Amino acid sequence: DMGKPPRNRAERLEVVRKMYSHATYCGSGDNTLPAAARAVRTVTDCPADDYFVFLISDANLSSYGISPQALADVLLGDNRVNSYAVFIANKVEADSLKQMMPFGRAHTVLDTREMPRLFRQIFSAAVLK
């Protein structure tokens, strides 16, 4: 719920469980662009110091006809929002998408254990802006 961030480890774990459950049982198909557009549009509904959107994808966008430019256009649609694409996928596919996205806005993760480090880097860079 917007405006009600998790207050402790147990509540953060519940958020992760809900995300996992949704990913496990959602229907097939791709809603990357509509979901990214909605996230960018609605994240600013509540006043905040900063706004972040993270799109996490398997980088299989081309099979759904999504171009890196279309993704970049959606993610960069509001300059108040710090939007990033994180591709967890085959290095060749993810790196080709990453190269077509604006510098620093797309990242490739081959080992999900590296994600906390990546998020730390993104947040640190945002603080320095």
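Predicted, not measured: the structure shown is a model, and the values here were computed from it.
Residues A10 and N8 come closest through the heavy atom pair N-OD1, 3.1 Å. What you find for L75 and V40 is that their closest heavy atoms are O-CG2, 4.0 Å. Contact record, L61 with L71: CD1-CD2, 3.6 Å, taken as the closest heavy-atom pair. Across all non-hydrogen atoms, the minimal contact from L76 to P102 is CD1-CG, 3.2 Å.
Classification of the F123-F54 ring pair by plane angle, with boundaries at 30° and 60°, yields perpendicular.
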When you look at Y64 and L33, which way does the side-chain contact (heavy atoms from CB on, under 4.5 Å) test go after all the steps? CA-CA 10 Å; Y64 294 102; L33 287 182; over 6 Å; no

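Of the residues I88, T112, V109, the one that meets the side chain to side chain contact (heavy atoms under 4.5 Å, CB included) test with I56 is I88. Here the options are R12, K18, M19, the test is side chain to side chain contact (heavy atoms under 4.5 Å, CB included), and the partner is V15; only M19 passes.
A donor-acceptor distance shorter than 3.5 angstrom exists from the side chain of Y51 to the backbone of C46, with no hydrogens or angles considered.
The salt bridge (charged side-chain N to carboxylate O under 4.0 Å, His left out) pairs that include a residue from residues 100-124 are D111-R113, E114-R117, where partners are two or more places apart or lie in different chains.
M115 and F52 fall within a single hydrophobic cluster, where Ile, Leu, Val, Met, Phe, Trp and Tyr are joined by side-chain heavy atoms under 4.5 Å apart, directly or via other members. By the criterion of side-chain heavy atoms lying less than 4.5 angstrom apart, applied directly or through intervening Ile, Leu, Val, Met, Phe, Trp or Tyr residues, Y84 is not grouped with L55; the two fall into different hydrophobic clusters. Neither F87 nor L118 shares a network with the other; the hydrophobic side chains, linked directly or stepwise wherever heavy atoms of I, L, V, M, F, W or Y lie under 4.5 Å apart, form separate groups for each.
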